[in-house]
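In what follows, every chain begins at residue 1, and chains take the letters A, B, ... in the order their sequences are listed. As the structure is a prediction and not an experimental result, all values here were calculated from the model. Hydrogens, waters and symmetry mates play no part in the numbers below; they use all other heavy atoms, side chains included.
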Number of protein chains: 2
Amino acid sequence: MMTNLIAGLRAEGRRLTRSRKAILDVLEKSKYPLSAADVHARLKREQVAVDLVTVYRTLAVLKKLGLIAQVELGEGQFRYETRHGREHHHHIRCRGCGRIADLMLCPLKKLTALVERETRFTVEEHSLEFFGWCPKCR
Amino acid sequence: MMTNLIAGLRAEGRRLTRSRKAILDVLEKSKYPLSAADVHARLKREQVAVDLVTVYRTLAVLKKLGLIAQVELGEGQFRYETRHGREHHHHIRCRGCGRIADLMLCPLKKLTALVERETRFTVEEHSLEFFGWCPKCR
DNA sequence: GTGATACGTGCAAACAAGTTGCAATTGAGA
DNA sequence: TCTCAATTGCAACTTGTTTGCACGTATCAC
């Protein structure tokens with residue numbers, strides 16, 4: 001949210017701009033993760049003129065600040081969603097219509113520790129996605 | 001493996017070709033999932049002349065036949081690995097060097113049932129990937 | 001408030017991954 | 001061996017994402 005945005009940007013000597021606010025705002029309002037093109041289209045719909053390139057650059061900044069998360073759902077593109085006010089969660093995507101729903105669960109705490117022990121990697125993040133058919137497409 | 005390949009192809013009125021054998025073979029030999037470009041490079045190294053386009057088309061066929069699985073590891077590209085002789089498993093990828101290791105575990109049976117009940121989707125597949133730092137890059 | 005400066009933006013162009021159209025080639029059944 | 005549809009290679013294209021550069025503008029010091 002805006003407080004975090006300002007603080008995060010400050011901390012890196014970066015600036016708060018109209019575009020950044022607008023892009024974060026679009027993501028905050030969406031119920032599911034958006035692609036760069038999605039964000040761009042929504043900004044246009046709201047009469048906010050921001051270049052697609054700026055959307056990409058801004059998403060990179062917001063991601064680095066930890067304000068948004070990058071998600072891959074088997075589409076060959078990235079999607080982004082806010083972290084603000086949302087619990088850690090995962091997604092399910094319909095193979096028919098592409099509908100995406102949130103799953104407010106994550107039982108991987110213990111598993112992460114196990115993975116670290118087994119592989120000697122330090123786990124920083126994980127992604128868990130389900131794919132299937134929604135009621136309408138079944 | 002070849003028997004499955006032949007049977008699968010037959011069943012769809014498709015043919016067994018040198019390229020298809022070679023591509024499946026490359027995937028069988030790899031210890032980690034490969035991108036289309038990786039497969040292409042390895043074929044070239046083995047003096048097997050196959051166009052990159054054919055690699056893409058073949059990967060699509062093998063995937064449809066269920067002989068290989070498509071994996072996304074946060075790189076903005078797809079990777080593929082054989083299913084033959086390998087248990088269902090997941091991966092961990094190093095944020096430093098990109099090294100990919102297999103994780104021979106998957107505790108999601110129960111969770112899948114839970115997801116189906118909650119979302120009313122029919123779950124067909126899931127992906128679970130970890131990201132972190134390998135011992136060398138830490 | 002004003003000015004200086006480095007960060008941010010738009011536009012065009014480049015890149016990278018993956019796809020498509022089409023003519024030439026080839027596997028597999030008759 | 002012949003036939004014919006499936007397969008392949010090549011070129012061109014599409015889509016998603018990144019980069020270079022000149023211009024614009026937040027922010028800080030005064």
Chemist: Looking at DNA chain C, which of residues 42-61 of chain B put a heavy atom within less than 4.0 Å of it?
Modeler: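 Heavy-atom cutoff 4.0 Å gives V53(B), Y56(B), R57(B).
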Chemist: Which nucleotide span of DNA chain C, 5' end to 3' end, has atoms closer than 4.0 Å to non-hydrogen atoms of chain A?
Modeler: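 Nucleotide range in contact with chain A: dA6(C) to dA12(C).
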Chemist: Rounded off to whole Å, could you give me the CG-to-P distance for the L9(B) and dT7(D) pair?
Modeler: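 About 7 Å, once rounded to whole Å.
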Chemist: Can you list every pair that meets side-chain hydrogen bond (donor to acceptor under 3.5 Å, both in side chains) and has a residue in residues 52-63 of chain B, with sequence neighbours left out?
Modeler: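 Matches after skipping sequence neighbours: K63(B)-Q70(B).
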Chemist: Tabulated below should be each protein N or O lying under 3.5 Å from an N or O of nucleotides 27-30 of chain D; please produce it.
Modeler:
{"from": "dT27(D)", "atom 1": "OP1", "to": "L16(A)", "atom 2": "N", "distance (Å)": "3.0"}

Chemist: Would you give me the side-chain donor-acceptor pairs under 3.5 Å for residues 94-111 of chain A, sequence neighbours excluded?
Modeler:
{"from": "R95(A)", "atom 1": "NH1", "to": "E124(B)", "atom 2": "OE1", "distance (Å)": "2.6"}
{"from": "R95(A)", "atom 1": "NH1", "to": "E125(B)", "atom 2": "OE1", "distance (Å)": "3.4"}
{"from": "R95(A)", "atom 1": "NH2", "to": "E125(B)", "atom 2": "OE1", "distance (Å)": "3.2"}
{"from": "D102(A)", "atom 1": "OD2", "to": "R86(A)", "atom 2": "NH2", "distance (Å)": "2.5"}

Chemist: Is it true that, when you exclude F131(B) itself, more than 12 heavy atoms of the residues, nucleotides or ligands shown sit nearer than 6.0 Å to its CZ?
Modeler: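 It does: F131(B) CZ has more than 12 such atoms within range.
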Chemist: So which atom in V55(A) and which in I23(A) form the shortest heavy-atom distance, rounded to 0.1 Å?
Modeler: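 Closest pair (atom of V55(A), atom of I23(A), distance): CA-CD1, 3.8 Å.
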Chemist: Suppose we screen for side-chain hydrogen bond (donor to acceptor under 3.5 Å, both in side chains). Which residues come up paired with R79(A), at least two apart in sequence or across chains?
Modeler: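 Scan of R79(A) (side-chain hydrogen bond (donor to acceptor under 3.5 Å, both in side chains), adjacent residues dropped) gives D38(A), E75(A).
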Chemist: Under 4.0 Å, heavy atoms only, any strand: does S19(B) hit a base, just the sugar-phosphate, or nothing?
Modeler: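 Result for S19(B) = sugar-phosphate.
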Chemist: Can you label the angle between the F78(B) ring and the Y80(B) ring as parallel, tilted or perpendicular, going by 30° and 60°?
Modeler: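 Tilted.
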Chemist: Indicate the atoms forming the closest heavy-atom contact of L62(A) with L24(A), along with that distance.
Modeler: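 Shortest heavy-atom contact: CD1-CD1, 4.1 Å.
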Chemist: Run the side chain to side chain contact (heavy atoms under 4.5 Å, CB included) test against K64(B) and tell me which residues pass, sequence neighbours left out.
Modeler: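 By the side chain to side chain contact (heavy atoms under 4.5 Å, CB included) rule, K64(B) matches E12(B).
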Chemist: In chain order, what residues pass the side-chain hydrogen bond (donor to acceptor under 3.5 Å, both in side chains) check against T122(A), with sequence neighbours excluded?
Modeler: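 With neighbours one apart ignored, the set is R138(B).
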Chemist: Starting at NZ of K21(B) and ending at C1' of dT8(D), how long is that distance when rounded to a whole Å?
Modeler: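 From K21(B) NZ to dT8(D) C1': 16 Å.
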Chemist: Quick one: bend of the helix from dG1(C)-dC30(D) to dA30(C)-dT1(D) from 5 pairs per end, to 10°?
Modeler: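 Answer for the end axes of this duplex: 40°.
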Chemist: When the distance from CD of E72(A) to C1' of dT17(D) is rounded to whole Å, what number comes out?
Modeler: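 To the nearest whole Å, that distance equals 13 Å.
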Chemist: For R117(A), give me all partners under side chain to side chain contact (heavy atoms under 4.5 Å, CB included), at least two apart in sequence or on another chain.
Modeler: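 Result, side chain to side chain contact (heavy atoms under 4.5 Å, CB included) vs R117(A): A113(A), L114(A).
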Chemist: Residues in side-chain hydrogen bond (donor to acceptor under 3.5 Å, both in side chains) with D25(A), at least two apart?
Modeler: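 Once residues adjacent in sequence are excluded, the partners of D25(A) under the side-chain hydrogen bond (donor to acceptor under 3.5 Å, both in side chains) criterion are K29(A).
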Chemist: Examine V123(A) and V71(B) and state if one hydrophobic cluster contains both, with Ile, Leu, Val, Met, Phe, Trp and Tyr joined whenever side-chain heavy atoms are less than 4.5 Å apart.
Modeler: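 Each belongs to a different hydrophobic cluster.
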Chemist: Measure the distance from CD on E75(B) to C1' on dG16(D) and round it to the nearest whole Å.
Modeler: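 E75(B) atom CD is separated from dG16(D) atom C1' by 16 Å.
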Chemist: Which residues satisfy the ring pair (Phe, Tyr, Trp, His ring centres under 6.0 Å) test with H88(B), sequence neighbours excluded?
Modeler: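 Counting only residues at least two positions away or on another chain, H88(B) forms a ring pair (Phe, Tyr, Trp, His ring centres under 6.0 Å) with H90(B), H126(B).
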